[in-house]
Amino acid sequence: MSAQGLFLLALPGGHKDWFKSSKEFSTKLTKTPFVFICFQARIAFLQGERKGQENLKKDLVRRIKMLEYALKQERAKYHKLKYGTELNQGDLKMPTFESEETKDTEVPTVPQNSQLTWKQGRQLLRQYLQEVGYTDTILDVRSQRVRSLLGLSNSEPNGSVETKNLEQILNGGESPSSKQKGQEIKRNSGDVLETFNFLENADDSDEEEESDMIEDIAEGKEKHRINKKHKIGNEGLAADLTDDPDTEEALKEFDFLVTAEDGEGAGEARSSGDGTEWDKDDLSPATEVWDVDQGLISKLKEQYKKERKGKKGVKRVNRTKLHDMIADLGDDELPHIPSGIINQSRSPSSRMTDHEGARAEEAEPITFPSGGGKSFIMGSDDVLLSVLGLGDLADLTVTNDADYSYDLPANKDAFRKTWNPKYTLRSHFDGVRALAFHPVEPVLVTASEDHTLKLWNLQKTVPAKKSASLDVEPIYTFRAHIGPVLSLAISSNGEQCFSGGVDATIQWWNMPSPNVDPYDTYEPNVLAGTLIAHTDAVWGLAYSGIKNHLLSCSADGTIRLWNPPEKMPCICTYNGEKEHGIPTSVDFIGCDPAHMVTSFNTGSTVIYDLETSQSVVMLSSQIESGVQSNNHINRVVSHPTLPVTITAHEDRHIKFFDNKTGKMIHSMVAHLDAVTSLAVDPNGIYLMSGSHDCSIRLWNLDSKTCVQEITAHRKKLDESIYDVAFHPSKAYIASAGADALAKVFV
Amino acid sequence: MVMAEGTAVLRRNRPGTKAQDFYSWPDESFEEMDSTLAVQQYIQQNIRADCSNIDKILEPPEGQDEGVWKYEHLRQFCLELNGLAVKLQSECHPDTCTQMTATEQWIFLCAAHKTPKEVWIYFVKSCNFMGQHYRLSKVSIKESSVAKLGSVCRRIYRIFSHAYFHHRQIFDEYENETFLCHRFTKFVMKYNLMSKDNLIVPILEEEVQNSVAGESEA
């Protein structure tokens, strides 16, 4: 009977009436001892596990505190070196780990079965990060980058790195733009490196003396510095380098990470500078940082050593145990740590802002409004470059091995690569004025001054003699215009296209199949209709798939809105009195389909309400000069997702406007000659511009820096490039030139 | 839109230019044209100045490579034929003009298709040929390509003859605007790209004596 009582105790409460009668019980009892033993074993196991996890937690907290202390020390040293005054960091006392009690008070322990789960902790972190200005998108992108870095450099999931990263974010993550900021980040990432090495060693050999370990770290770091020095071109340090394989390994890691760091520094300099001058900013921050830090590191090393010796008594968990624990850690235990970390790391961050005062404020006013476009906020370049300094805690879990194999988005490479010419489209007899891609297919249409439009299928190529590029034969020629064709727009389903010509007409075409036989008979039904209302050359067209409306602007001074299938297709007319001059280009506003934007030859750009046909905002950029053509705007495009308008000017400028205020956000001399054409990639990250200086340039919209320049076309008279375009869904770009060629780059 | 503010003239048709202001800039002498497309620029400039002054248009500048000169002229013919083609397509459909004929005696067969097809095929083919060989025209043109110019000329001429005999009104309209067939006939005569027997459109009677071969049934 005592056996039965015991057994019942071991059973969960709900099952007390599991045995209706003692007879039944006796029959069951013969089978139960095994179950009972299993339960007991399980309990013991769980208890052991819990203990182990607690140990691990303590260990991690200790390490974090040490790192934080080291960071503070270094910061103070740095401050002293730089400003010659003591930095008041508040309580700069060494963290102590003598007794369990102190630790328990420092780190609020959460009961095992607390409702604060790991997920919630994570949520909390996200919230903090958002407060500092990090949206989920950025976090995601960055965490992916971090993960890929980790996956390469250290397959061991690592809790401290994660928390460290959080600290970084909280300390110095907010869009660093000043040089100082860059340095801060650098130092932080240096610490991360340290952590990396530290923990790797810990995993490698549990028997290893801790002091040795520190030696390794210090050496590694020193080597790192030396490495850096060499990179910068200074004299190398005295060589007390050993051939220790561990250090070697660490070095390799550092090498890998250093390059990324370099990039990061440059990236920051770049985003703060004005496009043209980032080259010279490139190296200086790095040089400074590493020069200043030199003496500091040895001191830090000493301190670290001393400290570690002091608390040698703390027993370290052995390696396998640690291993297992790490594997089990994620689900329930970790909330302790992040919550502790947040408390600790937030305070230094506020201190820092105190003593470094203006740093946060002096961050250059954001020249481009954020929000809206997700991927716009940070070009993938920058993500790559700055990821080390701004790792993501939220997604970098210690346990989730599966996440390490997470693939980066494929389109990252599509935009990171360099564009190379692939196809040459050479059937036009005169300048190609406009081109447009099919929304899905590798198909494009070109409009030329030779009175025709041509349809090209990039999959039907003819190998060109002695040249890497491929020639494409047109598969259809659209003829209806009497005179040069100037403008072109393809409907968003790719089934129709519209062309405007010097003959004042807009022709409406049904797109032939991309597989049409070029020698097939003439198809009269390709021409779907003609939109007649303008009285002079039609220079600009834009199509919106939202209401399937078409916008056109003409040298007659008017802008017209069309619903092509209607009997009276012209719905609305704007600028009927030529109030603003002659329109040169027109576009729908990407983020506000009720508005459109038009540029004028007078230098003004006007946003109209499509319904009321009233002008809503004037984006003015006129410069007082006697020469009218200097104010001439050649092209206007709207950002696909942000309330930003971009204009291309005859005076070589590209200008950016805020649609809400009408204020100019940014202006830059973008080319050596008149800028004629603009295109924004479908994700809103890159801008492409074409100019009569024969080149097309790709710009990072975030930093306003030129990422690639391609000389694409030759000059005819004083004109060279008329139009550029991004394929809406494939990795193609194209340019159209006065030399009668169109070129496609991949 | 001409910039005449004492600075260098920029020959540009900027967006917003009115149709009547197109190309409204002072002429440039051939020597001053420093772009690689100078020959085309020069030919177009002369045509814009006076398209009836065929002799001037066909007179190459001094030292001009003859192959390139002929080639660029043919390109220009193809370009301007687009204008004629647009007019023709309003009434020249496969069902009305099933065969690419000039007269009852002249039925043109497309070598690639065996069966008679309408005018556009020939035109498309000529255009493609010109397009494909464009890159040769940069400095000089290969002999083999020059030899092919003759066949392009014959193709182009079929369009003229078809238009003349079957769409006389359109042909006349266009000819009055552009003197294109006149220019073409003089061009092929000057450079001996086609035999006189084949020039069946009764233009330039004084030069094309044999053209009476075709009945004037149109």
Side-chain angles (χ1 to χ4, degrees), chain A residues 424 426-430 449-452 462 464 467 471 473-474 477 479-484 486-487 502-504 518-522 524 536-537 539-540 553 555-556 581-585 599-601 626-627 629 632-635 650 674 676 692 714-719 738-741, chain B residues 1-3 5 7-23 25 28 33-38 40-41 44-45 75-83 85-89 92-94 110 112-113 117-121 123-125 127-128 130-135 138:
Chain A
T424 307
R426 53 172 98 243
S427 261
H428 280 296
F429 295 122
D430 210 340
E449 288 190 21
D450 69 7
H451 309 191
T452 67
V462 193
S467 144
D471 274 6
E473 264 192 61
T477 301
R479 291 187 180 87
H481 283 287
I482 303 160
L486 301 173
S487 50
V502 172
D503 58 7
Y519 302 116
D520 208 349
T521 50
Y522 164 71
D536 211 322
W539 275 100
C553 70
D556 65 12
I582 304 292
T584 56
S585 173
S599 60
F600 291 90
N601 64 345
V627 188
S629 64
H632 192 101
I633 303 177
N634 285 317
R635 182 67 64 93
E650 186 73 15
T676 57
H692 287 324
R714 292 179 290 147
K715 271 200 168 189
K716 184 193 172 194
L717 299 162
D718 293 308
E719 297 179 310
D739 57 2
L741 300 181
Chain B
M1 278 295 130
V2 181
M3 220 174 82
E5 282 83 16
T7 57
V9 175
L10 283 176
R11 292 177 171 81
R12 284 177 187 166
N13 297 310
R14 295 185 181 86
T17 303
K18 292 183 183 307
Q20 64 183 39
D21 295 330
F22 245 70
Y23 310 111
W25 47 64
E28 199 176 6
M33 294 180 183
D34 53 358
S35 90
T36 46
L37 298 155
Q40 187 189 20
Q41 283 177 37
Q44 289 182 343
Q45 178 176 295
R75 273 174 56 82
Q76 185 64 26
F77 283 122
C78 285
L79 195 164
E80 292 186 60
L81 270 173
N82 277 321
V86 168
K87 286 176 188 280
L88 281 176
Q89 73 186 10
C92 180
H93 299 303
C110 170
H113 283 79
K117 292 224 177 186
E118 80 278 25
V119 59
W120 307 117
I121 295 159
F123 188 63
V124 165
K125 279 184 164 295
C127 293
N128 286 346
M130 299 301 291
Q132 293 306 314
H133 293 263
Y134 176 55
R135 81 185 79 92
K138 280 169 191 165

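Throughout, a chain's letter reflects where its sequence line sits, starting with A, and its residues are numbered from 1.
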Original post:
What is the minimum heavy-atom distance between A:Ala740 and A:Phe429, and which atoms define it?
Top reply: CB-C, 4.1 Å
**OP:** Could you check A:His428, A:His481, A:Arg479 and say which one makes a side-chain hydrogen bond (donor to acceptor under 3.5 Å, both in side chains) with A:Asp450?
**Re:** A:His428
**OP:** Against chain A, label B:Glu80 side chain, backbone, both or neither, depending on which of its atoms sit under 4.5 Å from a heavy atom there.
**Re:** neither
**OP:** Pick whichever of A:Thr584, A:Val502, A:Leu717 has the most heavy-atom pairs under 4.5 Å with chain B.
**Re:** A:Leu717
Subject >> No-hydrogen, no-angle side-chain donor-acceptor test under 3.5 Å, A:Asp430 and B:Gln44 >> reply: yes
Original post:
Which bit of A:Asp536 is near chain B, if near means a heavy-atom gap under 4.5 Å: side chain, backbone, both or neither?
Top reply: side chain
**OP:** Counting only heavy atoms closer than 4.5 Å, note whether A:Ala504 contacts chain B via side chain, backbone, both or neither.
**Re:** neither
Original post:
Are B:Phe22 and A:Trp539 near enough that their ring centres are under 6.0 Å apart?
Top reply: yes
